[in-house]
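Structure record follows, encoded as structure tokens.
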Amino acid sequence: MALEDQINKALAKFGKLGEHGHRDDLLWYDIDRSEPLTKEDLTTIETTLKADGVFAKLINSGSSLDKKTGKEIQKIWLTAFASENKLIAWKKEFELKKKSDHRFIGEQLDWFHVQEDIVAPGMALFHPKGMRIRRKLIDLIREVNDDLESEEVWTPHMAKIELWKMSGHYEHYKDKMFIWEQDGQEWGLKAMNCPFHIQIYRFKPKSYRDLPLRYAEFGTDYRKEQSGELHGLSRVWCFTMDDHHFMVTPEQIESEVLRIMKACFGVYDIFGFKPEVKLATMPDDAMGDAKLWKKAENALEGALKKANIDFTLKEKDGAFYGPKIDIYVKDSMGRKWQLTTIQVDFFMPDNFKMSYVDANNKAQMPVMIHFAILGSVERFMSVIIEHWGGKLPLWLAPVQVKVLPISDAQITYAEKLVAELKKSKIYVELDSDGTLGKRIRTAETEKVPAIVVVGEKEVQANKVNVRGKGDLSLEDFLAKVRKANLERTAF
Ligand SMILES: [Zn+2]
């Protein structure tokens, strides 16, 4: 009997089998029964499968709504092999993967999840703790935007198809867009933010005195990747870019790109990333004036040199609508990620007939610079979660401090400490439930950066004991936490 038939035969003992499928190396089965699988059912699934010659590990179980009948059905996730050795090898690999895979870390620590059954594939739901991380990244970029004088705007998540036809996305990008018809009008879900920002630019006539004009948006975009390519937060259908569009004169490209590069490098520094920079120049199928191309390429090169940044040249590798700078970073596992692209664009300003009047009162076309520092917030989160194996630095951790009183006698002292930390907007939790050893292990599993133990000795001396750091006076500890949080430095 084939493995699949053996599994079907064994699982049928728990109820009528509905649909089944797989996500990566995990199999899922729908079981048509309204009452949940009992604890006993769940403990016997593996042995029942084994009796039918299947070596399996039950990964998860739950219920969901049947799309057709609207009835509740049971769902189980498992992995199954025809030999015990294969299962043992899989378990070993699974444990290793779990430690660094952002999808497992995100679910284990209750940060986010993707729910295909009644939500959507490739669209993550952020739980309160995941949202804390997300907010801190966005707060960081908001500060950078202020320094860059890039003004935040907001634009809607969909637009009439006419916008996407004008931008060229309908013609070149239609397959990746969510498009539908409603009340005789065709609509497109936002796949990029640029066309909207251009409408803001065009709302009033512009003069050379208005430039550079800088727009920023945490813009949520929707792109239909192949569902087989979807992966946690790193390949998704829905993501939020820390997107920027600078409208500049050709003469302003160099100084603006220099400012952008400085801002990007400042952000990479915070994460300890060493960037690698590539300059991509005019391809054979380029559009636009060759003189303008040369000017833009020289400006990009000039900015890199002025910023003292080493780069390699990728000849003829620019987009057909302008030269670009690609920035890659390496994570702790040596994997290379492309985070930022600084894209000069002559195409969209032309498509949308953007203009400004120059000092001689003549109409000119601005150049657009597109860039995002993190890229997509979701993808950036997946990179840093794996880079640090989930152990985020104090400033970014969703629970920054956990206070563990040794006994009830120290609860008042512990509560006072929690209140102090909360005043400084530190995410802090007090855990007084269970043995100290168990509470320490829980805090370690939750990857809390500052685990603080307080016993009678600490109360008497007005001190705290920080795991891995020893005794600190209460004052020192508070100052250290506040500094690391505020300056985004190591604790
Ligand atoms: Zn853009």
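The analysis underlying the following values was restricted to heavy atoms, covering all of them including side chains, and did not include hydrogens, waters or symmetry mates. Read the numbers this way: they start at 1 and go in the same order the structure lists the ligands and their atoms.
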Exercise. Do Gln364 and Ser355 have side-chain N/O donor and acceptor atoms under 3.5 Å apart?
Worked result: no
For this session: Would you mind telling me which of Tyr201, Phe352, Tyr215, Trp164 makes a ring-ring contact (aromatic ring centres under 6.0 Å, His included) with Phe196?
Result: Trp164
Seminar exercise, completed: Checking distances from the Zn ion (ligand 1), one finds that the N, O or S atom of His245 closest to it is NE2
Exercise. Closest N/O/S atom of His370 to the Zn ion (ligand 1), by atom name?
Worked result: ND1
For this session: Measure centre to centre between the rings of Phe273 and His387, then say whether the value is under 6.0 Å.
Result: yes
Exercise. The Zn ion (ligand 1) to His197: any N/O/S contact under 2.8 Å?
Worked result: no
Exercise. Under 6.0 Å between ring centres, would you say that holds for Phe271 and Trp395?
Worked result: yes
